[in-house]
> 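There's a structure below that I have some questions on.
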There are 2 protein chains.
Amino acid sequence: MVSRHISKRLLYYRSALVHLKKMGFEYVYSKTIGEEIGVSPDVVRKDFSNIEIRGKRKVGYKVSDLIRKLDEMFGKTCCFEIIVVGIGNIGRALTKYESYLDDRIKILGGFDINPSRIKSFNEIPIMHINEAESFITQNDIKVAVMTVPEISAQLVCNKLVECGIKGILNFAPVILKVPDDVFVKNISIADEITRVFYHARIN
Amino acid sequence: MVSRHISKRLLYYRSALVHLKKMGFEYVYSKTIGEEIGVSPDVVRKDFSNIEIRGKRKVGYKVSDLIRKLDEMFGKTCCFEIIVVGIGNIGRALTKYESYLDDRIKILGGFDINPSRIKSFNEIPIMHINEAESFITQNDIKVAVMTVPEISAQLVCNKLVECGIKGILNFAPVILKVPDDVFVKNISIADEITRVFYHARIN
């Protein structure tokens, strides 16, 4: 298991490699991959050697091999089944098909506490939050995307963990407390905008 | 200017500190802050000393001082004016008020190439992408959120950079090429879901 920072870079490499493959590259150097995502060739080589991928001298890495190995590592060859909890504006957007969602990611259901929002979709079933437990168990769901308001986030999180959820992508602007065996990734859009202002300021 | 990783942690600290303040804490130890966001007290102390914040022995850090200093650093005391380019599902969600957006972040306008989407909002003006240049110049906009399809992302990005945009929060699943003086932060929701599956797998 690689660290959170490395897994992030590896998925960036994958995006860059898919792009390079479309452009006709069969082999690439660490330098080319690094340039695509803005890291040094040394970092690229170290990241790949960490997961036991090595390039060939004077030829580099075979693009299709790299993509296949990364897909094996991240399980991208199979289907990722998730639920979305909280069908506000962001949750609603996520439940509709858009290019940001990989073909292999499948939203099996959406949950909300507000009955007026329920049944407003036909692509995927939107259910009351009280139905989450049986749905999670029946469908063996392990990962949930949380797009609920800040005030109810920890409560909803506790409930999901009780139901057996092991991974959460959280859009609520709150640091969730979870047991050690549950992985949480926070996306705070406000924080990301703040960081863009900060890093863009001196340029 | 701190690195991208440190700025991310500092904004996590800020969220945790706001939470601790609401709970009634006046002073906190690095240990408490670290526990809130899952890093060691050493990392907390190092990050704070990097930006010249030091705690007092046996007392720790004063919560309100920390928040004020972080706000000064990130400019959170003033208003962040942005535009959203690409009014699909995600762009549409972002232009509506929700708790994920800080009060200080203000979306001045939205842009899209599809006329049928235009005028569908009354909260903020939605304009044709061709009007972006004059709008950016007139309002001195420096930061844009990009929620356009993958295929047009680089083209839209080039146009924004030409108009003087210096920071981009990009939701399109593509690594954008920008000049050195432009800062890009990518959010790939598909990649984040993939990472949650990867890190949750062994638990």
Side-chain angles (χ1 to χ4, degrees), chain A residues 1 4-5 7-8 11-12 14-16 19 36-37 73-76 80 82 88-90 92-94 96 98-102 105 142-143 145 149-151 166-169 171-175 180-183 185-203, chain B residues 1 4-5 7-8 11-12 15-16 19 36-37 73-76 80 82 88-90 92-94 96 98-102 105 142-143 145 149-151 166-169 171-175 180-203:
Chain A
M1 171 88 21
R4 293 171 74 141
H5 287 150
S7 72
K8 188 159 195 167
L11 285 165
Y12 277 157
R14 188 186 175 280
S15 298
H19 179 65
E36 283 283 313
I37 77 155
M73 178 178 170
F74 287 104
K76 276 226 169 188
F80 297 136
I82 62 172
N89 290 322
I90 290 284
R92 202 178 290 258
L94 290 177
K96 295 183 179 176
E98 260 197 311
S99 59
Y100 63 86
L101 270 194
D102 204 286
I105 294 169
K142 294 293 176 206
V143 170
V145 176
E150 184 176 358
I151 196 162
K166 295 293 179 194
I168 295 171
L169 183 63
F171 280 84
V174 55
I175 312 285
D180 285 345
D181 65 339
V182 176
F183 178 85
K185 175 70 177 76
N186 296 297
I187 296 187
S188 163
I189 295 173
D191 277 1
E192 296 299 352
I193 292 172
T194 308
R195 288 175 69 211
V196 171
F197 269 89
Y198 174 74
H199 288 287
R201 201 192 294 167
I202 55 151
N203 293 322
Chain B
M1 169 91 18
R4 293 170 74 142
H5 288 150
S7 73
K8 187 158 195 168
L11 285 164
Y12 277 156
S15 299
H19 179 65
E36 283 283 312
I37 77 154
M73 179 179 170
F74 288 105
K76 276 226 168 186
F80 297 136
I82 61 171
N89 290 322
I90 291 283
R92 201 177 292 256
L94 290 177
K96 296 184 180 175
E98 261 198 310
S99 59
Y100 64 85
L101 271 194
D102 205 288
I105 294 169
K142 293 295 177 203
V143 170
V145 176
E150 184 177 358
I151 197 161
K166 294 294 179 193
I168 295 171
L169 183 62
F171 281 84
V174 56
I175 313 285
D180 285 345
D181 67 339
V182 176
F183 178 85
V184 175
K185 175 71 177 76
N186 296 297
I187 295 187
S188 163
I189 295 173
D191 277 2
E192 296 300 351
I193 292 172
T194 308
R195 287 175 70 212
V196 171
F197 269 90
Y198 174 74
H199 288 287
R201 201 193 295 168
I202 54 151
N203 293 323

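All chains are named by letter (A, B, ...) in the order of the sequence lines, taking the proteins before the strands, and each is independently numbered beginning at 1.
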> Counting heavy-atom pairs closer than 4.5 Å to chain B, which one of A:Ile168, A:Val145, A:Ile151 comes out on top?
A:Ile168
> Any side-chain heavy atom of B:Asn89 within less than 4.5 Å of one from A:Arg92?
no
> Does some side-chain heavy atom of A:Phe197 sit less than 4.5 Å from a side-chain heavy atom of B:Ile105?
no
> With respect to chain A, which residue among B:Glu36, B:His19, B:Lys142 yields the maximal number of heavy-atom pairs within a distance under 4.5 Å?
B:Glu36
> Chain A heavy atoms under 4.5 Å from B:Ile187: which part of the residue, side chain, backbone, both or neither?
side chain
> Quick one: does B:Ile90's side chain get under 4.5 Å of B:Ile189's, heavy atoms only?
yes
> Does any heavy atom of chain B fall under 4.5 Å from the side chain of A:Ile175, the backbone, both, or neither of them?
side chain
> B:Leu11 versus B:Phe74: any side-chain heavy-atom pair under 4.5 Å?
yes
